[in-house]
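Throughout, protein chains are lettered first and strands after them, A, B, ... in sequence-line order, and every chain is numbered starting at 1. Any value given below was found using the heavy atoms of this structure, including those in side chains, with hydrogens, waters and symmetry copies removed. Remember, it's a predicted structure, so these values are computed and weren't measured experimentally.
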Protein chains: 2
Amino acid sequence: MARAATTTDAFNAVAEPRRRQILDILAGGERPVNDLVRLLGVSQPQVSKHLRVLREVGAVDVREEGRQRHYRLNALALKPIHDWVKNYERSWSERFDRLDVVLEELEGEGDGGGDE
Amino acid sequence: MARAATTTDAFNAVAEPRRRQILDILAGGERPVNDLVRLLGVSQPQVSKHLRVLREVGAVDVREEGRQRHYRLNALALKPIHDWVKNYERSWSERFDRLDVVLEELEGEGDGGGDE
DNA sequence: TTGATATATAACCATATGAGAATATAATTA
DNA sequence: TAATTATATTCTCATATGGTTATATATCAA
C-alpha cells in the first residue's frame with residue numbers, strides 16, 4: 001500500500017507546507033484564487049490543485065462570483081488536529097518539565113484530576 | 001517532484017495514523033518495541049519502520065537495554081504542529097462563532113487588542 | 001556453541017504524489 | 001463573434017510511500 005491520499009483527512013492535507021500557507025492567508029479573509037497565486041508566487045494550476053485537496057477535506061469553502069472563486073477558510077476541519085496535539089501540550093509546558101513522565105508512571109491509569 | 005518525505009518534519013510524520021497511535025501509547029510511558037507490536041497488532045517490521053520515522057523527526061527517543069530498545073515520547077517535536085493549529089482555535093470556539101469572520105474583515109490589518 | 005528472542009534493515013510492489021505543461025471551461029469584454 | 005480573463009482539469013514523470021517477506025544483527029539462554 002502507498003501512503004494515504006492527501007485528501008484522506010486534515011492531517012494528510014496540511015502535511016504539505018504550501019497548503020498550510022494557503023490556510024494562513026485565508027485566515028485573514030476570503031480570497032479569490034488569483035490572489036493566492038500572486039501572494040504565493042506559485043503557478044495557478046498548482047494553487048487550484050492545492051485548493052482542491054483543501055476543499056475535499058473541508059478546510060475551505062468556495063463562493064462563486066462571476067468568473068472568480070472566492071475561497072474561505074473553514075477552520076473547523078482543523079479541529080481534529082488541534083484536539084490530538086493538545087494532549088501533548090503539557091509535555092513541553094515548563095510547569096511539568098521532566099516531571100510528567102514520573103507522574104504518569106505512578107498514576108498508571110485512573111484520573112487523579114488536576115487544574116485546567 | 002513527489003510528496004515530501006515522511007521524515008521531513010513532524011507534520012508529515014504524524015499524517016500516518018499508526019504513528020499517531022504509537023505516540024499516543026508512548027504518552028503513557030516508555031515502551032519496548034514488542035509492547036507496541038502487541039498493542040497495535042501490527043507486524044514488527046512495520047512498527048520498527050514507523051519508529052524510525054518518528055525517531056528521524058525527533059518525536060521519540062530510544063534507550064537501549066540489553067536486546068530491547070525502549071522508546072520514549074519526545075513531545076517537543078510536536079510543538080510546531082500545536083503552534084500552527086493553535087491560531088485557528090478561535091474559529092471554532094463558540095465565543096467567536098460566526099462573528100470572527102466579520103470582525104476580521106473589519107479589522108483588515110492592525111491589532112485592535114482583545115481579552116486573553 | 002546452538003538456539004531463541006528483540007529489533008532493524010533490505011527487497012519488492014502498487015500507488016498517490018507535487019510540479020510542469022497543455023488544455024478545457026466559463027465568464028467577461030470589445 | 002472573437003479575445004481575454006479566471007479557474008479547473010488532464011497528462012506525464014520521478015519519487016517516497018506502507019505493507020509484506022526475508023534476512024541481518026545483537027543479546028540472552030541452554
Side-chain angles (χ1 to χ4, degrees), chain A residues 1-23 25-26 30-73, chain B residues 1-26 29-73:
Chain A
M1 195 187 283
R3 218 202 292 201
T6 55
T7 52
T8 301
D9 54 31
F11 284 96
N12 280 279
V14 308
E16 167 65 31
R18 201 75 78 178
R19 285 195 285 266
R20 290 199 300 277
Q21 254 189 300
I22 290 178
L23 295 177
I25 292 174
L26 295 183
E30 203 181 61
R31 294 274 192 182
V33 179
N34 240 351
D35 271 25
L36 297 172
V37 171
R38 275 186 297 100
L39 290 168
L40 296 170
V42 173
S43 79
Q44 176 268 312
Q46 268 311 307
V47 173
S48 281
K49 285 204 288 185
H50 283 313
L51 286 171
R52 183 147 157 47
V53 173
L54 292 173
R55 231 165 47 219
E56 289 199 30
V57 301
V60 299
D61 297 318
V62 207
R63 181 173 63 83
E64 315 205 356
E65 185 183 277
R67 55 187 156 181
Q68 290 187 319
R69 312 285 165 95
H70 295 265
Y71 279 83
R72 132 127 77 150
L73 175 68
Chain B
M1 194 187 284
R3 217 200 295 198
T6 54
T7 52
T8 301
D9 54 31
F11 284 97
N12 280 278
V14 309
E16 167 67 31
R18 201 75 79 178
R19 285 194 284 266
R20 291 200 299 278
Q21 254 188 302
I22 290 177
L23 294 178
D24 289 342
I25 292 174
L26 294 183
E30 202 182 60
R31 292 277 193 180
V33 178
N34 239 351
D35 270 25
L36 298 171
V37 171
R38 275 187 297 101
L39 290 168
L40 296 170
V42 173
S43 78
Q44 176 267 312
Q46 267 310 308
V47 173
S48 281
K49 284 207 289 186
H50 283 313
L51 286 171
R52 182 140 152 57
V53 174
L54 293 173
R55 233 165 46 217
E56 289 198 31
V57 301
V60 299
D61 296 319
V62 207
R63 179 174 64 84
E64 314 205 356
E65 185 182 280
R67 54 188 156 179
Q68 288 187 321
R69 312 284 164 96
H70 295 266
Y71 279 83
R72 130 125 81 149
L73 174 69

Contact pattern, 5' to 3', of nucleotides 23-30 of chain D - B, S or - by protein heavy atom under 4.0 Å
----BB--
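- Using a 4.0 Å cut-off, no side-chain N or O of B:Ser43 falls inside it from OP1 or OP2 of D:dG19.
- Distance check: B:Asn34 CG to B:Gln44 CD gives 7.5 Å after rounding to the nearest 0.5 Å.
- Atoms CG and CG, from A:Leu73 and A:Leu54 in turn, are 9.5 Å apart once rounded to the nearest 0.5 Å.
- DNA chain C lies under 4.0 Å from at least one heavy atom of each of the following residues of residues 48-63 of chain A: A:Lys49, A:His50.
- Taking for each of B:Gln68 and A:Met1 the nucleotide of DNA chain C with the nearest heavy atom, the 5'-most of the two is the partner of B:Gln68.
- By the 4.5 Å heavy-atom criterion applied to side chains, A:Val33 and A:Ser48 are counted as neighbours.
- On the nucleic acid side, DNA chain C has its first and last nucleotide under 4.0 Å of a heavy atom of chain A at C:dT15 to C:dT28, going 5' to 3'.
- Rounded to whole Å, the distance from CG on B:Asp9 to P on D:dA16 is 15 Å.
- Between A:Val47 and B:Ala5, the one whose closest nucleotide on DNA chain D sits nearer the 5' end is A:Val47.
- Checking the phosphate oxygens (OP1, OP2) of D:dT15, no side-chain nitrogen or oxygen of A:Arg3 falls inside 4.0 Å.
- Side-chain polar atoms of B:Arg19 and B:His50 form a donor-acceptor pair below 3.5 angstrom.
- The pair B:Glu30-B:Arg63 meets the salt-bridge criterion, with a side-chain N (NZ, NE, NH1 or NH2) lying under 4.0 Å from an Asp/Glu carboxylate O.
- Under 4.0 Å is where a charged nitrogen must lie from a carboxylate oxygen, and between A:Arg20 and A:Glu16 no such pair does.
- The CZ atom of A:Arg31 sits 15 Å away from the P atom of D:dA6 (whole-angstrom rounding).
- Going from atom CG of A:Leu40 over to atom CD of A:Gln46 covers 11.0 Å, rounded to the nearest 0.5 Å.
- The side-chain heavy atoms of A:Leu36 and A:Val42, taken from C-beta on, include no pair separated by under 4.5 Å.
- We find that CG of A:Leu40 is positioned 15 Å from C1' of D:dT7, with the value rounded to whole Å.
- Residue contacts shown for B:Gln46 include a base, since a base heavy atom lies under 4.0 Å away.
- We find the CD-CG distance between A:Glu56 and A:Leu51 to be 11.5 Å, quoted to the nearest 0.5 Å.
- With rounding to the nearest 0.5 Å, the separation of CG in B:Leu39 from CD1 in B:Ile25 is 4.5 Å.
- Remark: side-chain polar atoms of B:Arg72 are not paired, donor with acceptor, to backbone N or O of B:Asp61 under 3.5 angstrom.
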